[in-house]
Amino acid sequence: MPASERITLMAAGELRDALTAHRNGDQAAAVAALMSIDPDSWAAIEHRLAAMGGTVAELLPDTH
């Protein structure tokens, strides 16, 4: 897998934290966690979700 398609462990944890915060109604913490994801990991996350036919917004239950 090219380095540009790798998601760091830190980014995976930040995404998990963002989804958990969103589920708990803490939008500030959700945004903070998303903003902590490095650009390369963010691009890789979007790429993988697109390959599965999804988006980050679809992971958030009240946004779709």
Side-chain angles (χ1 to χ4, degrees):
M1 174 180 308
S4 63
E5 293 184 19
R6 290 192 184 126
I7 300 170
T8 65
L9 289 175
M10 180 70 79
E14 294 291 354
L15 180 59
R16 180 198 61 229
D17 292 348
L19 295 172
T20 299
H22 179 75
R23 184 176 55 241
N24 293 333
D26 188 348
Q27 298 308 310
V31 170
L34 289 175
M35 297 299 291
S36 296
I37 298 173
D38 65 280
D40 290 337
S41 291
W42 183 255
I45 289 167
E46 288 184 316
H47 177 78
R48 288 188 189 186
L49 287 171
M52 296 185 312
T55 66
V56 173
E58 291 172 341
L59 293 175
L60 307 175
D62 62 351
T63 61
H64 62 347

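- Every residue two or more places apart in sequence or in another chain that forms a side chain to side chain contact (heavy atoms under 4.5 Å, CB included) with Leu34 is listed here: Leu15, Ala18, Ile37, Trp42.
- Going from atom CG of Asp26 over to atom CG of Asp17 covers 11.0 Å, rounded to the nearest 0.5 Å.
- Not counting sequence neighbours, the partners of Asp38 by the side chain to side chain contact (heavy atoms under 4.5 Å, CB included) test are Thr8, Ala11, Asp40, Ser41.
- Residues forming a side chain to side chain contact (heavy atoms under 4.5 Å, CB included) with Ala12 (at least two apart in sequence, or on another chain): Ile7.
- Residues Arg16 and Leu19 form no side-chain contact, since every pair of their non-hydrogen atoms from C-beta on lies 4.5 Å or further apart.
- Shortest non-hydrogen contact noted between Ala21 and Ala30 is CB-N, 3.6 Å.
- Rounding to the nearest 0.5 Å gives a distance of 8.0 Å between CD of Glu5 and CZ of Arg48.
- In this structure, the side chain of Glu46 does not engage the main chain of Ala43 through any donor-acceptor pair within 3.5 Å.
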